[in-house]
Amino acid sequence: MKRVFFPLPMLGLLMANAALAAESAPALPKVDTGDTAWLLISSALVMLMTPGLALFYGGMVRSKNVLGTLMQSFMIIALISVQWVIFGYSLSFGPDRWGIIGDLSWFGLSGVGLAPNPDYAGTVPHQAFMIYQAMFAIITPALLMGAIAERMKFKTFVVFTLLWSTLVYDPIAHWVWGTGGWIRKMGGLDFAGGIVVHISSGVSALVAALLVGKRKGFGTEPMALHSLPMTITGAAILWFGWFGFNAGSAIAAGMLSTSAFVVTHIAGAGGALSWAFGEWIYKGKPTTLGAVSGAVAGLATITPASGFVGPMPALFIGLTAGIFCYMAVMGKNKFGYDDSLDVFGIHAIGGTWGALALGLFASKAINAAGNNGLFFGNPSLIAVQALSVVSAWVYSFVVTFILLKILGWTMGLRVSEEEENSGLDLSQHGETGYSF
Amino acid sequence: MKRVFFPLPMLGLLMANAALAAESAPALPKVDTGDTAWLLISSALVMLMTPGLALFYGGMVRSKNVLGTLMQSFMIIALISVQWVIFGYSLSFGPDRWGIIGDLSWFGLSGVGLAPNPDYAGTVPHQAFMIYQAMFAIITPALLMGAIAERMKFKTFVVFTLLWSTLVYDPIAHWVWGTGGWIRKMGGLDFAGGIVVHISSGVSALVAALLVGKRKGFGTEPMALHSLPMTITGAAILWFGWFGFNAGSAIAAGMLSTSAFVVTHIAGAGGALSWAFGEWIYKGKPTTLGAVSGAVAGLATITPASGFVGPMPALFIGLTAGIFCYMAVMGKNKFGYDDSLDVFGIHAIGGTWGALALGLFASKAINAAGNNGLFFGNPSLIAVQALSVVSAWVYSFVVTFILLKILGWTMGLRVSEEEENSGLDLSQHGETGYSF
Amino acid sequence: MKRVFFPLPMLGLLMANAALAAESAPALPKVDTGDTAWLLISSALVMLMTPGLALFYGGMVRSKNVLGTLMQSFMIIALISVQWVIFGYSLSFGPDRWGIIGDLSWFGLSGVGLAPNPDYAGTVPHQAFMIYQAMFAIITPALLMGAIAERMKFKTFVVFTLLWSTLVYDPIAHWVWGTGGWIRKMGGLDFAGGIVVHISSGVSALVAALLVGKRKGFGTEPMALHSLPMTITGAAILWFGWFGFNAGSAIAAGMLSTSAFVVTHIAGAGGALSWAFGEWIYKGKPTTLGAVSGAVAGLATITPASGFVGPMPALFIGLTAGIFCYMAVMGKNKFGYDDSLDVFGIHAIGGTWGALALGLFASKAINAAGNNGLFFGNPSLIAVQALSVVSAWVYSFVVTFILLKILGWTMGLRVSEEEENSGLDLSQHGETGYSF
Amino acid sequence: MKKIEAIIKPFKLDEVKNALTKIGVQGMTVNEVKGFGRQKGHTEVYRGAEYKIDFLPKVRIEMIVTDEMVVKVIETIERAAKTGKIGDGKIFVSPVEEVIRIRTGERGKDAI
Amino acid sequence: MKKIEAIIKPFKLDEVKNALTKIGVQGMTVNEVKGFGRQKGHTEVYRGAEYKIDFLPKVRIEMIVTDEMVVKVIETIERAAKTGKIGDGKIFVSPVEEVIRIRTGERGKDAI
Amino acid sequence: MKKIEAIIKPFKLDEVKNALTKIGVQGMTVNEVKGFGRQKGHTEVYRGAEYKIDFLPKVRIEMIVTDEMVVKVIETIERAAKTGKIGDGKIFVSPVEEVIRIRTGERGKDAI
Ligand SMILES: Nc1ncnc2c1ncn2[C@@H]1O[C@H](COP(=O)(O)OP(=O)(O)O)[C@@H](O)[C@H]1O
Ligand SMILES: Nc1ncnc2c1ncn2[C@@H]1O[C@H](COP(=O)(O)OP(=O)(O)O)[C@@H](O)[C@H]1O
Ligand SMILES: Nc1ncnc2c1ncn2[C@@H]1O[C@H](COP(=O)(O)OP(=O)(O)O)[C@@H](O)[C@H]1O
């Protein structure tokens, strides 16, 4: 749906550009400097989110695994960036095949140049759109890894990441955002990745937690977070970057990006408040981990809705996100699987609730290229959203399951027990995090 | 004064827009993409300052209070964001009542839409201006908390923050920046918040330090900073964000924002130099804490002047800021009150000196919508500035005093002695910062 | 070469502006909001790189030297900012003398105003270009200091930094980027500072490592990095800031900045991959320090080429950068000099390889104002590049050598042995980094 | 009364503590140490330079127990801390002449 | 000569140190430890999961003193470290056979 | 068997360890401590406020050795750890009654 997320009046212009561009590329004057500045800085912000996530996660593990955790995020940046420019972008956004995948005609970015591609973004260079999307492809598998922190074999992680991106992320991105993608054509909305990013990673995280199994000592030994200040710093960077994530998804600097920016901030605040106050009431003390987790929950939840809803619905979505995700995380403690850093509880639940909530609160007054939700007189949107969500759940679950089963048989998923005792830092990377 | 801080030639245009907007809202084409991009990224930068401040402060406390300190900043982001969109923005910037406060007609952001509001910003969506201002409302109470670090009861902190924002910040913001505010009408200048942010928080910080009282062991036990690298990181983030704070206050990307950007950087550098060299001469060694404190002093001091003065005055302001604030902090050590992280010495003194200094160095050549200062032939400006400063001092002092007295009687301001011994992290949040 | 790095069609316009500006300054309407927004945010990003570098380096030293290391970067920000606005900018970019240096007519920024200077940047205020360049002048000596970490006398460091900037950085910047500079006139290309920043600092770093001598205990005691997470955080900030460094060097937001942004990201990813996999093959384990070092190597190497080459050449450059720099660092371990944080191995080698590689891969299709390289039919460019590189090597080597010799005789370069034992933090700054 | 010191592998701490409380030990003091011994360290590689790390992370438990408890405590630690691999650690027993509980001023066995 | 070890609450360290120097103690060695004892730990809650923290932060002071000083030192520590609340800590006294000052090679009392 | 404890300057640790392994010491346990002694601390200045830091970083080495080794070990530490400047540290020797190797259950000398 990204193509149409800038003020409609510009659309005619863009089409004109497209025509022009076809005639006499490169159509230089069509690139808007303000829109390009915004998309580039948004790309940088979303890029920064992955190291932010690394810190967010890294602070939550024991100190013997801090490097292993940071390294996963860092390696994903390197791996997926290369995957993306070679074939990932083409699979996700390239010319459509059967509504389910892009073909390989943009292999190695051939044909992805500096002139705008009006299919996706009429006022910025095509490569700007491409690199912006790269950052989304990067952070998604990085999110996933939180579920299996502190125990994954590095070699298998590398292979898994590459395959998962190719087989799970790229197709779903195509369905939802690619020209011709079936969800997009059906009218399913996902402004900035509630389905593409949060559901895909969150559901796959659950599968991974189940198949990789619990950490040694889970439930019997305390597994204290080694540095909450690191986690809080990471959360702050995530929040900062999320402005690029959501407001950047307008692919232009204007009213829509402003609206997305505002609702993003509000939902983050709402999530932080409701999680922390929920704990305060339920457990007696508001925790800092709860506050930052709630913020991330609020931000994840508003993501799909961020270009479609107004400030007060955003506040509602943020507040409910904090509560729902808190409940989901509490639920985990009951079920006993070891989704170590609560990727499922926060991202799958948040992404799902956000994708459905936009079916309630979306308004064409905010985004004429979007749709109206239930409360604006259109009950059908929520059905479309539900179908989109379920498809992403099922697809992510099944493919990740098969992938991990195969990798489990062939390469092994976990480090040995002794390696787990000594920690990933030493066993996988031959390094030690700290030496004060 | 914010409304008029973009090149005058545009003003006519804006008025035209306003007229147009009235006739046929939303007046889509009037939003400038470059200005909007700049204001949005500036908003993100200012938002990042509060976590930056959290690190700046967090590194200066003992490790048993690190989470309590970080949590205050983080909670303020959540609380004040919600307060702001519900009624704070309306109080500060809404339709004027008697020159002292906005009314509640923008309650819940009703009427605060995506079309530009030419009263404040003619080339960007009104909501962009609103969210940019939200970040200022957030960081101000967060600054204040440094004075009473390591001993405030969390519950009281929540209530205090909400009330202080509503009763101190919102009115002063209205006086200085709101359409119809009395200081603004009088011609008092404050480009980016020397009065609104730094004086209000710095003076209130002094009151809080006096009423909350000293930390247990203050003056007898060493209270070593637990992590100077954290403090330095925080200072760096603050400096980075300050570009959005000051240059963003031009509410447009152009010559004025450039000028504000340049003088901000110069003053930060000047403050760092003079504080560090001052220490070197006076105490024998230049400290890193001194260097970063000086930078913050220089940045705070240039804030009110940043859109009115040129580079060489900025260098002078920065260098003197480092010296004055250093002297103020040394003074504290003589007077013996426990403004733990020197909010008064840096922000009240810096904000005051900056607001007066602009009365000396302001030049219409930099900002035609500003005024000339003493050295540019206009001795009257400094009187207006002095009156503005004094008003903010008195008002902040009195209201904060009353507020804290009442809260002291009703809820209690401090944690118990035993809680103070075990630290805020454990006693208020049930968490531990580090576990290496 | 910076002047001409925006779409050629705009050039005529700029010249017109220049004419107009001469007639009726300030020529307000000529400033482009999008370009200005991009240049200002890029300036902020590059400013952030120096604290990022501080963390990158700070994590690699022993904890008793962490503040000394952070302080060097922080002090450089303060010192060089002031040097720059007083005379450094004039030396580098002011009116040319004999092709080798700017004169002092822009002393104290006189004549450096808010109207665009079409010699360097036709669509943004001149001061915006000035402050952007300031950030480059700042980070360059900060890079250098990594070679002599943990042993430099602070007083000498201050004097050295000021002299080195004035005598090495400013002239080389003039040669390559200043109007009339001889390398620029010869046609030598350096988009964002491979020669000006990385070769100058990297080669000088080697000289410094040789003249200052090894750390006490080097080679016999383990000198464990005290915090790899700090180093990784620093690397992430560097990567983030590098988008401003390279893409900002287009001095406009459009196709060229997009292209530079994209190739920067790809080369960073490529460098991280090849260094980490190189280690994996050669030493048995991929390390996090290797991955982040590789990223920095890739980013440094693409720097000179970033506005001239396309994505696939960038991938090649990044991958080879990781390998070459890894080999150079391994080499150091053989030669036995103590370039403590591998400034030579990464920046001199990376900068050199990048400056030569653009002689192979540069294409006028990417940047019409650039040139074609060998693979695009122009074998002469590589010769020009080689001459530029050699000149910068020789000049940096010789001047830094003389400078350090003189400072060694007069002030002494190193702290005393006892001070080295107790650490820079305590001996130079009277502070302690951590107290958990 | 005796002082029993045990140097064990860090990840065994919880197991040992639980085993000891089960046999009635009511107090102990623990700190992190670095151990050098037969268990050879490892090599860490930083930018190609190899560092031999001889000191490995261990945990040191210190406990004052009555003479009657000594044998039981030693046995318990041996059982709980053992993996059979090199580096499992040591137990040292040494004499203690007096124990005082600060809170009450109690002396001797009562103070343990 | 005796070795006196005291496990105390961290925030009492300065008070104890000052009290000891006042009675003439000239040297001591201190480190941070975790204590397990009658003073029950607390519960930390991370994302809803409760962790029982049994080990509390304590400070361990180690001091070699001459036999004559032992009683005075113990009394001083008792006084300065006492809050009367559970968890105030313990003092252990054990024999020491020799003390050497590395700088001078002095032995015995002179080396303390 | 004896327990030898040495409190030394941190930067001397590697030298001491190497010297000890050369004379055949096969195990030791080390931790970081803060020392208070004749070597006066230093003053740290934070925003103008001066803090007297009395505790200096030291390293504590603990070693169980056979009686025959005691003299040699002490001499070796004295030599390796000495700078001749105040604050070089101390060596304490105290009795140990039993040593157990957890891995094998060996007792006494064999367990060292
Ligand atoms: N003689 C000793 N004195 C003090 N501590 C020792 C001694 N020997 C070993 N240790 C400690 O015990 C730990 C384990 O010893 P090691 O020789 O590696 O294995 P094992 O316990 O299997 O014999 C060492 O890391 C060290 O902390
Ligand atoms: N038997 C013991 N051996 C070693 N240390 C002990 C022992 N008992 C208690 N301690 C230490 O003393 C501290 C205080 O003991 P605790 O039983 O909690 O309270 P109290 O000192 O009031 O009896 C503990 O945290 C632990 O560090
Ligand atoms: N009586 C003592 N008991 C325990 N440790 C001591 C004692 N005296 C000194 N130390 C330790 O030895 C270190 C060095 O002692 P100090 O008096 O400073 O110098 P020197 O070793 O030259 O006499 C101290 O920092 C402290 O850790």
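Per chain, numbering begins at 1; letters A, B, ... match sequence-line order.
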Novice: Where do Met75(B) and Ala276(A) come nearest, in terms of heavy atoms and distance?
Specialist: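 Taking Met75(B) first and Ala276(A) second, the nearest heavy atoms are CE-CB, 3.4 Å.
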Novice: Of the non-hydrogen atoms in Gly34(A) and Thr33(B), which two are nearest, and what is the gap between them?
Specialist: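 Nearest pair, atom of Gly34(A) first, then Thr33(B): CA-OG1, 3.3 Å.
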Novice: Just verifying a value: how many Å separate Ile266(A) CD1 and Trp84(B) CH2, rounded to the nearest 0.5 Å?
Specialist: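 Ile266(A) CD1 to Trp84(B) CH2: 12.5 Å, rounded to 0.5 Å.
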Novice: Write down the atom of Met47(B), the atom of Phe240(A), and the distance for their closest heavy-atom approach.
Specialist: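 The answer is CE-N, 4.4 Å.
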Novice: With a 4.5 angstrom heavy-atom cut-off, is it the side chain or the backbone of Leu225(A) that approaches chain B, or both, or neither?
Specialist: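 Only the backbone of Leu225(A) comes within 4.5 Å of chain B.
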Novice: Among Val158(B), Asp425(B), Leu40(B), which residue forms the greatest number of heavy-atom pairs with chain A at distances under 4.5 Å?
Specialist: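 Heavy-atom pairs under 4.5 Å are most numerous for Leu40(B).
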Novice: If you count heavy-atom pairs under 4.5 Å with chain B, which of Gly270(A), Ser42(A), Ala253(A) comes out on top?
Specialist: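 Among Gly270(A), Ser42(A), Ala253(A), the one with the most close pairs to chain B is Ala253(A).
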Novice: Top residue by heavy-atom pair count (under 4.5 Å) with chain A, among Gly433(B), Ser435(B), Gly52(B), Ser81(B)?
Specialist: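 So the answer, after comparing Gly433(B), Ser435(B), Gly52(B), Ser81(B), is Ser435(B).
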Novice: Closest approach of Pro229(A) and Leu67(B), non-hydrogen atoms and distance?
Specialist: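 Between these two residues, the closest heavy atoms are CD-CD2, 4.1 Å.
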Novice: I need the Met71(B) CE to Thr288(A) OG1 distance, nearest 0.5 Å.
Specialist: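 If I round to the nearest 0.5 Å, the distance is 6.0 Å.
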Novice: Under 4.5 Å from any heavy atom of chain A, what part of Ser427(B) do you find: side chain, backbone, both or neither?
Specialist: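 For Ser427(B), backbone heavy atoms alone lie under 4.5 Å from chain A.
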Novice: Taking side chain as everything from C-beta outward and backbone as N, CA, C, O, which of these in Trp242(A) sits under 4.5 Å from a heavy atom of chain B? Side chain, backbone, both or neither.
Specialist: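 When you check distances to chain B, no heavy atom of Trp242(A) falls under 4.5 Å.
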Novice: Name the region of Leu55(B), side chain, backbone, both or neither, that has any atom closer than 4.5 Å to a heavy atom of chain A.
Specialist: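 Only the side chain of Leu55(B) comes within 4.5 Å of chain A.
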Novice: Against chain B, work out which of Gly290(A), Ala365(A), Ala37(A), Ser63(A) has the most heavy-atom pairs shorter than 4.5 Å and name it.
Specialist: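 Of the candidates given, the most pairs with chain B belong to Ser63(A).
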Novice: Relative to chain A, which of Val85(B), Leu109(B), Ile237(B) shows the most heavy atom pairs under 4.5 Å?
Specialist: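 So the answer, after comparing Val85(B), Leu109(B), Ile237(B), is Val85(B).
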Novice: Where is the tightest heavy-atom contact between Met255(A) and Val31(B), given as atom of each residue plus distance?
Specialist: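 Taking Met255(A) first and Val31(B) second, the nearest heavy atoms are CG-CG2, 3.9 Å.
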Novice: With a 4.5 Å heavy-atom cut-off, do Phe154(B) and Lys285(A) have their side chains touching?
Specialist: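 With C-beta onward as the side chain, the pair stays apart.
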Novice: Below 4.5 Å, heavy atoms only, C-beta onward: do Leu315(A) and Ile86(B) meet side chain to side chain?
Specialist: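 Touching, per the 4.5 Å side-chain cut-off.
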Novice: Tell me, side chain or backbone of Ile138(B) under 4.5 Å from chain A's heavy atoms, or both, or neither?
Specialist: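 The answer is the side chain of Ile138(B).
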Novice: Could you look at Val292(A) and say if it's the side chain, the backbone, both or neither that has a heavy atom under 4.5 Å from chain B?
Specialist: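 Both parts, heavy atoms under 4.5 Å.
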Novice: Ala291(A) and Phe74(B): which non-hydrogen atoms are nearest, and at how many Å?
Specialist: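 Scanning both residues completely, I find the closest heavy atoms to be O-CE2, 3.8 Å.
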Novice: Verify the neighbour count for atom OH of Tyr282(A): are there more than 12 heavy atoms of other residues, nucleotides or ligands below 6.0 Å?
Specialist: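 No, because the 6.0 Å sphere around OH of Tyr282(A) holds 12 heavy atoms or fewer from other groups.
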Novice: Quick one: what part of Thr231(A) sits under 4.5 Å from any heavy atom of chain B, side chain, backbone, both or neither?
Specialist: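 Answer is neither: Thr231(A) stays 4.5 Å or more from chain B.
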Novice: Atom CG in Asp35(A), atom OG1 in Thr36(B): separation rounded to 0.5 Å?
Specialist: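 One gets 9.0 Å once the value is rounded to the nearest 0.5 Å.
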Novice: For Leu39(B), which atoms come within 4.5 Å of any heavy atom of chain A: side chain, backbone, both, or neither?
Specialist: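 Nothing of Leu39(B), per the 4.5 Å heavy-atom cut-off to chain A.
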Novice: Name the option with the most non-hydrogen atom pairs under 4.5 Å to chain B; the candidates are Ser227(A), Ala236(A), Pro286(A), Ala272(A).
Specialist: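 Looking at each option in turn, the highest pair count goes to Pro286(A).
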Novice: What part of Gln127(B) gets within 4.5 angstrom of chain A, counting heavy atoms only: side chain, backbone, both, or neither?
Specialist: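 Both parts, backbone and side chain.
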Novice: Please, which pairs that meet ring-ring contact (aromatic ring centres under 6.0 Å, His included) have at least one residue in residues 247-273 of chain A, sequence neighbours excluded?
Specialist: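 Every ring-ring contact (aromatic ring centres under 6.0 Å, His included) pair that includes a residue of residues 247-273 of chain A, provided the two are not neighbours, is Trp239(A)-His265(A), Phe243(A)-Phe261(A), Phe243(A)-His265(A).
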Novice: Start with the C-alpha gap between Ile131(B) and Thr258(A), add the side-chain angles, then the distance that decides, and say whether side chain to side chain contact (heavy atoms under 4.5 Å, CB included) holds.
Specialist: CA-CA 9 Å; Ile131(B) 201 72; Thr258(A) 298; 5.7 Å; no
Novice: At a 4.5 Å cut-off on heavy atoms, which part of Met49(B) comes close to chain A: side chain, backbone, both, or neither?
Specialist: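 Neither part.
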Novice: Find the distance between CZ (Phe436(B)) and CZ (Phe436(A)) and round it off to the nearest 0.5 Å.
Specialist: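 The CZ atom of Phe436(B) sits 4.0 Å away from the CZ atom of Phe436(A).
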Novice: Taking atom NZ of Lys155(B) as the centre, does the number of heavy atoms from other residues, nucleotides or ligands within less than 6.0 Å exceed 12?
Specialist: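 Counting neighbours around NZ of Lys155(B), 12 or fewer heavy atoms of other residues, nucleotides or ligands fall under 6.0 Å, so no.
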Novice: Examine whether an atom of Thr432(B) lies under 4.5 Å from a heavy atom of chain A, and if so say whether it belongs to the side chain, the backbone or both; otherwise answer neither.
Specialist: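 Only the backbone of Thr432(B) comes within 4.5 Å of chain A.
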